[in-house]
Protein chains: 2
Amino acid sequence: MSAYEDLNHALKQRGYSITRSREIVFNTLSGSTPLTTADLIKRINKRIDRVSVYRTIKLFEELGIIQRLNFGFKYKLELSDRFAEHHHHLTCIGCNRITDINKKELEAFINSIASDKEFLPSAHQIEIQGYCKKCRETEKQLNN
Amino acid sequence: MSAYEDLNHALKQRGYSITRSREIVFNTLSGSTPLTTADLIKRINKRIDRVSVYRTIKLFEELGIIQRLNFGFKYKLELSDRFAEHHHHLTCIGCNRITDINKKELEAFINSIASDKEFLPSAHQIEIQGYCKKCRETEKQLNN
DNA sequence: AATATTTTTGCAAATAAGTTGCAATTTATG
DNA sequence: CATAAATTGCAACTTATTTGCAAAAATATT
C-alpha cells in the first residue's frame with residue numbers, strides 16, 4: 001500500500017472524508033524534513049486557509065498520521081553553568097517529576113555521534129519522557 | 001563568590017545597573033527547574049511588568065547569565081513512522097544541512113538511560129547542532 | 001445522477017505570546 | 001542631593017493560534 005492509499009484508509013476507517021486540504025497537508029509534509037507550523041503554512045501558501053492547516057494538523061495528530069517533535073514550549077530558561085549547572089531531563093508522564101539525565105551516558109552518546117559522522121557537536125537539546133519506577137509500580141497495581 | 005555576587009559582578013562589569021527586576025528574575029530562576037517564559041511570568045506574578053521580564057530575559061541571555069533550552073520552535077511536524085520514518089537530527093550551523101542521528105547509537109543511549117534510572121522511556125526529542133566535516137574544513141581554510 | 005445530509009472550509013473575530021515607543025521612575029555619579 | 005543615564009510600566013502593535021458560523025464540498029440516499 002502506498003503512503004497515499006494509507007492516508008485514504010486511515011481517514012475512511014475513522015469516518016473522515018478525503019479532501020483537497022488533507023491531501024495538500026499530507027503531500028507537503030511527505031518527503032520534507034520536519035517543518036514548523038509556520039513553514040508548513042508558508043509552503044502551502046494560500047492554496048488552503050491557514051485555519052484549515054491548523055485543523056488538519058490537529059486531526060492528523062489524533063489519527064496518528066503525523067507526530068510532533070514536541071517540546072511543548074519554544075524554549076525554557078535556566079541559569080547558565082556559571083550560576084547553576086545545566087542539565088538535560090527525564091520527565092515522568094505519571095507524576096510529572098523531572099530528573100536529570102546521567103552526564104556520563106549523555107557524553108558517551110554525544111561522543112559517539114561525533115566520531116561516527118565526523119560531526120563536531122556544539123550544542124544539544126535532549127528531553128525524554130516516560131515512566132519512573134514508582135509510577136510503573138503504581139500502574140501495575142492499578143491494572144490488577 | 002555567591003551566585004548573587006556573581007550576578008552583580010556580571011552586570012556591573014558590562015555597565016548595567018542592579019535593579020529590583022533583575023534580582024527578581026534571577027532569584028525566580030535560581031533553584032528552579034527550567035521554566036518557560038509563561039511560567040516565569042506567572043511566578044513573578046505582577047511584582048514586575050511582563051514587558052520587563054521579557055527585557056530582562058533578553059539582557060541575561062546576552063550577558064550569558066541564562067541560557068535557553070532552545071528548540072527555536074514549539075514543535076515541528078512530520079509524518080508518523082507508518083507513513084515515513086521518524087528521525088532525530090544533526091543540524092550543521094555552517095551550511096544548515098540536516099542529517100539523521102545514527103539509529104543504533106541513539107537506541108543504545110536510550111537503553112542506557114532506561115537501565116540506569118529504572119525509567120521507562122516512551123518518547124524523546126533530540127536535536128544536536130554543530131559543524132559538519134565540510135564546514136570544519138572550510139573554516140580551517142578561512143582561519144589561515 | 002439529483003437531492004438530502006453530514007462534514008469541511010473560509011472568513012471574521014477572539015485570545016495568547018512577544019515586541020516597540022515613549023513618558024515617568026529609578027539608579028548611579030559627582 | 002542634584003543631575004544624567006539607564007530602566008520601567010503602560011498602551012498599542014505584531015504574530016501565532018483558536019473559535020463560531022454561514023457557505024461550500026463530500027458522502028449517502030433515492
Side-chain angles (χ1 to χ4, degrees), chain A residues 4-29 34-63 65-78, chain B residues 4-29 34-63 65-78:
Chain A
Y4 184 76
E5 286 162 345
D6 257 344
L7 171 68
N8 287 4
H9 186 247
L11 287 171
K12 280 291 168 135
Q13 191 175 33
R14 303 271 298 264
Y16 292 100
S17 309
I18 295 148
T19 68
R20 196 177 123 73
S21 294
R22 291 169 187 164
E23 286 175 0
I24 288 176
V25 170
F26 185 85
N27 290 334
T28 308
L29 284 171
L35 297 176
T36 60
T37 337
D39 283 342
L40 179 60
I41 290 169
K42 199 175 293 167
R43 291 208 191 175
I44 285 173
N45 183 40
K46 318 271 170 150
R47 279 177 295 160
I48 55 182
D49 191 275
R50 221 155 43 78
V51 176
S52 295
V53 178
Y54 282 114
R55 283 194 276 231
T56 303
I57 289 170
K58 200 177 173 204
L59 177 68
F60 278 11
E61 253 194 296
E62 283 164 18
L63 298 181
I65 292 168
I66 62 176
Q67 59 192 10
R68 301 192 185 211
L69 303 178
N70 188 359
F71 298 100
F73 53 86
K74 217 162 156 188
Y75 46 75
K76 288 198 178 182
L77 305 162
E78 62 180 1
Chain B
Y4 184 74
E5 286 163 343
D6 257 345
L7 170 68
N8 287 3
H9 186 248
L11 287 171
K12 280 290 168 136
Q13 193 177 31
R14 302 272 297 263
Y16 292 100
S17 310
I18 294 148
T19 69
R20 196 176 124 72
S21 294
R22 290 169 187 163
E23 286 176 0
I24 289 176
V25 171
F26 185 84
N27 290 334
T28 308
L29 284 172
L35 297 176
T36 60
T37 337
D39 284 342
L40 179 60
I41 290 169
K42 199 174 292 167
R43 292 207 189 177
I44 286 173
N45 183 40
K46 318 269 169 151
R47 280 177 293 160
I48 54 182
D49 190 275
R50 218 159 50 80
V51 176
S52 295
V53 178
Y54 282 116
R55 283 194 276 231
T56 304
I57 289 170
K58 199 177 174 204
L59 177 67
F60 278 11
E61 254 195 294
E62 283 165 17
L63 298 181
I65 292 168
I66 62 176
Q67 59 192 11
R68 301 191 184 211
L69 304 178
N70 187 358
F71 299 101
F73 54 87
K74 216 162 155 188
Y75 46 74
K76 288 199 180 182
L77 306 162
E78 62 180 1

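This structure is a prediction, so every number in the text was calculated from the model and none was measured. Below, chain A is the first sequence line, B the second, and so on; all start at residue 1.
- Side chain of Ser52(B) to main chain of Ile48(B): no donor-acceptor pair is present (N/O by atom type, distance under 3.5 Å, no hydrogens or angles).
- Here the C1' atom of nucleotide dA16(D) and the CG atom of Asp49(A) are 14 Å apart, to the nearest Å.
- As rounded to whole Å, 15 Å separates atom C1' of dT9(C) from atom CD of Glu23(A).
- A straight line from CG of Leu11(B) to P of dA6(D) spans 14 Å, rounded to a whole angstrom.
- Closest to the side chain of Lys12(B), out of dT20(C), dT27(D), dA28(C), is dA28(C).
- Distances were taken from every side-chain heavy atom of Ser17(A) (C-beta onward) to each of dT8(C), dG21(C), dT9(C); the shortest belongs to dT8(C).
- Here the closest non-hydrogen pair linking Ser17(B) and Leu11(B) is O-CD1, 3.8 Å.
- Minimum atom distance to the side chain of Tyr16(A) is reached by dT8(C), of the listed dT8(C), dG9(D), dA28(C).
- Both Val51(A) and Ala38(A) lie near DNA chain D, and the one whose nearest nucleotide falls closer to the 5' end is Ala38(A).
- The CZ-C1' distance, from Arg50(B) to dG18(C), rounds to 7 Å in whole Å.
- Nucleic acid contact for Lys58(A): none, since no nucleic acid atom lies under 4.0 Å from a heavy atom of the residue.
- Here dT19(C) is the nucleotide among dA16(D), dT19(C), dT20(C) with the atom lying nearest to any side-chain atom of Tyr54(B).
- For the atom pair CD1 of Ile66(A) and CG of Leu59(A), the computed distance is 9.0 Å after rounding to the nearest 0.5 Å.
- Within 4.0 Å of Arg22(A), counting heavy atoms only, lie sugar-phosphate atoms of the nucleic acid but no base atom.
- The residue among Thr37(B) and Ile18(B) whose nearest nucleotide of DNA chain C is located toward the 5' end is Thr37(B).
- The interatomic distance linking Gln13(B) (CD) with dA28(C) (P) rounds to 16 Å, in whole Å.
- Among dG10(C), dT8(D), dC10(D), the nucleotide with an atom closest to any side-chain atom of Thr19(B) is dT8(D).
- The side chain of Ile48(A) has dG10(C) as its nearest neighbour among dG10(C), dT8(D), dT7(D).
- The nearest whole Å value for the distance from the CD1 atom in Ile41(B) to the C1' atom in dG9(D) is 14 Å.
- For Arg55(A) against dG10(C), a side-chain N or O and a base N or O form a donor-acceptor pair under 3.5 Å.
- With Ile57(A) as reference, Thr37(A) is the one residue of Thr37(A), Ile41(A), Ile65(A) to meet the side chain to side chain contact (heavy atoms under 4.5 Å, CB included) rule.
- Between the side chain of Arg47(B) and the main chain of Ile44(B), a donor-acceptor pair closer than 3.5 Å is present.
- A straight line from CD1 of Ile24(B) to C1' of dG9(D) spans 14 Å, rounded to a whole angstrom.
- In this structure, CZ of Arg14(A) is placed 17 Å from P of dT27(D), rounded to the nearest angstrom.
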